[in-house]
Amino acid sequence: MLETWIPLIAGFVLLVAGGELLVRGAVQAAERLGVSPLVIGLTLVGFGTSMPELVTSVQAGLSGSPGIAYGNIVGSNIANILLIGGISALICPVIVAEGALRRDAALMLGVATTFAALAFALPMGRVLGVIFVAALVTYIVLVIRQERNTDAHGAIHDKSAALLQADPGLGRPSRRRGLILPLLLALAGLGLVVLGGALLVDGAVALARAFGIGETVIGLTIVAVGTSMPELVTSVIAALKRQGDVAFGNIVGSNIYNILGIGGTTALIAPGAVPPEITAFDAPLMVGVSALLVVFAATARRVDRWEGLALLAGYGAYLYLLWP
């Protein structure tokens, strides 16, 4: 049993530690190349907490485990809303900014619906991968342009802000000027992330075999929650600091990144069909809980504690339905 759990736990640890080093090195390198703080925040920092999902899904796709690859994406989005959103709202009612609701939450619901429909009808091939990644790049460019000209901030900014609150060192400009150390730091982080992703996938496959549980269930639950730990930590810290709007933006921004960025990259590198059990149940459920979050957020522009409790109860019911 230890031989099954040790690679899984080691994979999680390496993913988080490697992601931290990768983002820190990339941010320092970008600063020294003169990239603006806004662009760094909305790209490198904003994408930082999604690195575990990205590497794990790509590794699983390359290893011939689409249930883990796409279960991780769909399961992470469900966990972000029901588990992380529920915990955040219980700690502190989540205030919703108008911009995050109108632009970002609506986009989150739109891309979830698009993914569910396309996954049901088509395999996730490289053409769809290009479209998804291009859509994410277009979205980020539009967000950068809008936020340069206004004081209002949306979900991607809040996703970055949540990570900076959890790790204030990322927001401190470095006084050193050389590029070699940041690049070495980023490369070391990348190596740890790749190794961690491989260990996690191997451990998840071994766990599924040991317990006679489908890889898809493992991907939707253990792997999805494990790779969502950075989002959980950053959202909880934001909620504890009474910044529920940052927690909401972090969840919404992460879900957009997961579908467009991680789903698109996985389709590009390891094209394949989404398992039918995901297209039949979990992907439509992802759309449903995304719509539920939008409804909760639209009422009085906040997610109250009782709504957070309802989200958590929903996640408990989801786990009960999945596990045999």
> Give a yes or no answer on whether the side chain of Arg126 reaches the backbone of Leu268 with a donor-acceptor pair at less than 3.5 Å.
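Looks like yes, one N/O pair under 3.5 Å.
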
> Going by atom type alone, with no hydrogens or angles, which donor-acceptor pairs under 3.5 Å involve a side-chain atom of residues 212-221 and a protein atom two or more places apart or on another chain?
from   : atom 1 : to     : atom 2 : distance (Å)
Glu215 : OE1    : Ser65  : OG     : 3.3
Thr216 : OG1    : Glu277 : OE2    : 3.0
Thr221 : OG1    : Val217 : O      : 2.6

> Spell out, yes or no, whether Leu122 and Ile73 are grouped together once hydrophobic residues are joined by side-chain heavy atoms under 4.5 Å, including indirect joins.
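Linked within one cluster.
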
> Can you find a heavy atom in the side chain of Val193 that is under 4.5 Å from one in the side chain of Leu14?
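Answer no - side chains too far apart.
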
> Kindly work out whether a path of hydrophobic side-chain contacts (I/L/V/M/F/W/Y, heavy atoms less than 4.5 Å apart) joins Leu187 to Leu21.
no

> So do Asp282 and Tyr318 actually touch side chain to side chain, heavy atoms under 4.5 Å?
yes

> Do Ile259 and Asn255 come close enough that some side-chain heavy atom pair is under 4.5 Å?
no

> With heavy-atom distances below 4.5 Å as the criterion, would you say the side chains of Pro123 and Pro271 are in contact?
no

> Classify the ring geometry between Trp5 and Phe211 as parallel (under 30°), tilted (30 to 60°) or perpendicular (over 60°).
perpendicular

> Atom CG of Leu311 and atom CG of Leu83: how far apart are they, to the nearest 0.5 Å?
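Reported to 0.5 Å precision, the distance equals 10.0 Å.
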
> Is there a side-chain hydrogen bond (donor to acceptor under 3.5 Å, both in side chains) between Asn72 and Thr227? Walk through the geometry before answering.
CA-CA 8 Å; Asn72 180 39; Thr227 57; 2.8 Å; yes

> How long is the span from the CG atom in Leu195 to the CD atom in Gln59, to the nearest 0.5 Å?
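Nearest 0.5 Å value for the CG-CD distance: 9.0 Å.
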
> A side-chain contact here means heavy atoms from C-beta on lying under 4.5 Å apart; do Leu185 and Leu22 qualify?
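They are not in contact (no side-chain heavy atoms under 4.5 Å apart), so the answer is no.
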
> So if you build clusters from Ile, Leu, Val, Met, Phe, Trp, Tyr with side-chain heavy-atom gaps below 4.5 Å, do Val274 and Ile269 land together?
yes

> Quick check on the hydrophobic clustering: are Val233 and Leu90 connected, directly or via other members, by side-chain heavy-atom contacts under 4.5 Å?
no

> Assess the residue pair Leu199 and Phe12 against the criterion (side-chain contact (heavy atoms from CB on, under 4.5 Å)); give the C-alpha distance rounded to whole Å, side-chain angles, the decisive distance to 0.1 Å, and a yes or no.
CA-CA 8 Å; Leu199 286 173; Phe12 284 135; over 6 Å; no

> CG of Asp202 to CD1 of Ile68: how many Å apart, nearest 0.5 Å?
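The distance works out to 9.0 Å.
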
> May I ask you to test the Cys92-Leu240 pair for a side-chain heavy-atom distance under 4.5 Å?
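No, side chains not in contact.
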
> For the pair Phe132 and Leu118, evaluate side-chain contact (heavy atoms from CB on, under 4.5 Å) and give the outcome as yes or no after the intermediate values.
CA-CA 11 Å; Phe132 275 34; Leu118 290 175; 3.9 Å; yes

> Just verifying a value: how many Å separate Phe248 CZ and Ile81 CD1, rounded to the nearest 0.5 Å?
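Here the interatomic distance stands at 9.0 Å.
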
> More than 12 foreign heavy atoms under 6.0 Å from CG of Leu33: is that the case here?
yes

> Give me the atom names and distance for the closest heavy-atom approach of Gly261 to Thr265.
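Residues Gly261 and Thr265, closest heavy atoms: O-OG1, 2.6 Å.
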
> Compare every heavy atom of Ile278 with every heavy atom of Gly71, then report the nearest pair and how far apart it is.
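Smallest heavy-atom distance, with atoms named: N-CD1, 3.5 Å.
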
> Are more than 12 heavy atoms, taken from residues, nucleotides or ligands other than Arg305, located less than 6.0 Å from that residue's CZ atom?
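Counting neighbours around CZ of Arg305, more than 12 heavy atoms of other residues, nucleotides or ligands fall under 6.0 Å, so yes.
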
> Can you see which heavy atom on Ala273 is nearest to which on Pro66, and at what distance?
O-CB, 3.8 Å

> Please report the shortest heavy-atom distance between Leu15 and Gly196, naming the atom on each side.
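Smallest heavy-atom distance, with atoms named: CG-C, 3.9 Å.
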
> Carefully, step by step, assess Phe296 and Arg302 under the rule side-chain contact (heavy atoms from CB on, under 4.5 Å).
CA-CA 7 Å; Phe296 281 173; Arg302 58 189 281 152; over 6 Å; no

> Say whether, by atom type as modelled, one donor and one acceptor occur between the side chain of Ser57 and the main chain of Ala69 under 3.5 angstrom.
yes

> Quick one about Asn250 and Thr234 (side-chain donor to acceptor, distance below 3.5 Å, no hydrogens or angles considered), yes or no?
yes

> Identify the heavy atoms of Leu232 and Ile84 that sit nearest to each other, and give their distance.
N-CD1, 3.5 Å

> Does any part of the side chain of Ser50, heavy atoms only, come nearer than 4.5 Å to the side chain of Ile262, both counted from C-beta?
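Yes; the side chains approach each other to less than 4.5 Å.
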
> Is there a continuous path of hydrophobic side-chain contacts, each under 4.5 Å between heavy atoms, that joins Val194 to Val16?
no

> Which heavy-atom pair separates Ala239 from Ser88 by the least distance, and what is that distance?
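Distance-wise, the nearest heavy atoms are CB-O, 3.7 Å.
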
> Can you tell me how far CG of Leu183 sits from CD of Gln28, rounded to the nearest 0.5 angstrom?
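Interatomic distance, Gln28 CD to Leu183 CG, rounded to 0.5 Å: 10.0 Å.
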
> Per the salt bridge (charged side-chain N to carboxylate O under 4.0 Å, His left out) rule, what does the pair list look like for residues 227-236, sequence neighbours excluded?
Lys159-Glu231

> Could you go through the side-chain contact (heavy atoms from CB on, under 4.5 Å) check for Ser235 and Ile87 one step at a time?
CA-CA 9 Å; Ser235 290; Ile87 291 173; over 6 Å; no

> Any non-hydrogen side-chain atom of Leu128 less than 4.5 Å from a side-chain atom of Phe115?
no

> Could you state the interatomic distance from CG (Asn77) to OG (Ser228), rounded to the nearest 0.5 Å?
8.0 Å

